[in-house]
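Contents: one structure, followed by commentary.
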Amino acid sequence: MKKPFVSLEQLETIAAQYPTPFHIYDEAGIRDTARVLYKAFAWNPGYREYFAVKATPNPQILKILKEEGCGVDCSSLTELMMAQRCGFAGDEIMFSSNDTPAEEFALAAKLGATINLDDISHIEFLKDTIGSIPKKISCRYNPGGTFTLGESEEGFQVMDNPGQAKYGMTREQMTQAFRTLKELGAEEFGIHAFLASNTLSNEYYPALAAILFRMAVELKEETGCHITFINLSGGVGVPYRPEQPANDIAVIGEGVRRAYEEILVPAGMGDVSLCTELGRFMLAPNGHLVTRVLHEKKTYKDYIGVDACAANLMRPAMYGAYHHITVMGKENAPCDHMYDVTGALCENNDKFAIDRMLPEIQIGDLLVIHDTGAHGHAMGYQYNGRLRSAELLLQTDGSVRLIRRAETPEDYFATAIWD
Ligand SMILES: *Cc1c(COP(=O)(O)O)cnc(C)c1O
């Protein structure tokens, strides 16, 4: 059973001050997740998590993660600017983008970020843009073909199989890219790959690590490049459904350590640092979307209309993603009613749940939609003039802080030309 990190009583107090819908994040949960992750990789010298900013681009969340020792993984100009404003610099910033505009490489280089090249043609493009090749550089690998290990149906829609995914370089291009970068003055090399999204398997990271470690040994032999870091990227998933087993990050860290000792250490590469760019694993379970029931409508089905919509959480509409729902105050009531839980968009896919068995719902009930802390508010949009909600932080002392106000109609109108 999934248990909300706030009680009904707490939520009613919060909702009296900040009207629903809103996203709320659990500071204690975020800090715990970061600590458990760091413990799992404590064996590796120089290990660092670069939180994928796109998952939850909120400065207060980034600051909490910074205090826990995390860097940030950015993939756009505004994400780089946010990282800079939050005080991240140099080695604390990873820039893993694709189809990258010149100005983004320019800012990444200015901030001293580690640039992760998505394509071999970007070497020339980067050199032309910033005038030289940075001493420290990374290349993104795509092994092609198919990769099946614990990815969910929905994860498949995010990433596709490597052979169909737009990201990264072929094996031959990796060798060529390293040779060219070395000729152009690069001294420290990294390797990155992201093969599957939202994996529920303790084997994903170890399998990916083994692929990258073997390639690192080959690349070192072929090119003589000094490989100093390997980036396992994102993709460690969370159990969105209550019956799914959670990943055990300690077991995952141990599996990666085994591959490291079997492959890298014997090749004299026992000084390679590892990094990760987790977004979902870090934040998803530490966020709820809180919404109130406005209407019940009975036609061919029984619909519960809430005050949130797909503009606040796009994943169900976009991927058919499951998000668990708790009807607050009815945690122990039998789930003997079947509902579609819908938002107000003029789009029939604006449904948080379809044919979901829930306790009997009354108008005015508060619903917690679980696991919305990553790729939730971040994916918000303004279709139908529905505006993005506030974001709140449940702090470790139990108090609640507004960390992003709700958009107002004036925000929505601000970019229009009126006469
Ligand atoms: C989206 C993304 C991540 C984070 O993915 P999660 O599924 O949230 O772990 C990491 N790295 C890159 C380059 C990404 O695009």
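Whatever order the structure lists them in is the order used to number ligands and atoms, beginning at 1. Worth saying up front: this structure is predicted, and the values here are computed from it rather than measured.
- Salt-bridge check for Glu222 with Arg171: passed, with a basic side-chain N closer than 4.0 Å to an acidic carboxylate O.
- Interface atoms of ligand 1 facing His375, defined by a heavy-atom separation under 4.0 Å, are 6 (P), 8 (O).
- Ranking the protein heavy atoms by distance from atom 1 (C) of ligand 1 puts Lys54 NZ, 1.3 Å first.
- Listed by chain and residue number, Asp73 satisfy the side-chain contact (heavy atoms from CB on, under 4.5 Å) test with Ala52 (two or more places apart in sequence, or in another chain).
- Using a 3.5 Å distance cut-off with no hydrogens or angles, the side chains of Ser96 and Glu277 do pair a donor with an acceptor.
- Aromatic rings of His323 and Tyr240 (six-membered ring for Trp) have centroids within the 6.0 Å cut-off, being under it.
- Close N/O approach between Glu277 and ligand 1 is found [any backbone or side-chain N/O within under 3.5 Å].
- Between Gly279 and ligand 1, a contact under 3.5 Å exists for at least one N or O pair.
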Just list the side-chain donor-acceptor pairs under 3.5 Å for residues 203-211, sequence neighbours left out, or say none.
residue : atom : partner : partner atom : Å
Tyr204  : OH   : Leu195  : N            : 3.0
Tyr204  : OH   : Ala196  : N            : 3.4
Tyr205  : OH   : Ser233  : O            : 2.4

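- The six-membered or imidazole ring of Phe189 lies near that of Phe178, with a centre-to-centre distance under 6.0 Å.
- In the vicinity of Arg280, heavy-atom distances shorter than 4.0 Å reach the ligand 1 atoms 6 (P), 7 (O), 8 (O), 9 (O).
- Residue contacts with ligand 1, taken as heavy atom pairs separated by less than 4.0 Å, involve Ala52 solely via side-chain atoms from C-beta onward.
- Between Lys301 and Asp355 there is a salt bridge, with a side-chain nitrogen of the basic residue lying less than 4.0 Å from a carboxylate oxygen of the acidic one.
- Looking at ligand 1, you won't find any N or O of Phe194 less than 3.5 Å from one of its N or O atoms.
- Taking a cut-off of under 4.0 Å to the non-hydrogen atoms of Ser233, the atoms of ligand 1 that pass are 10 (C), 11 (N).
- Residue Asp73 approaches ligand 1 through these ligand atoms, each under 4.0 Å from one of its heavy atoms: 10 (C), 11 (N), 12 (C), 13 (C).
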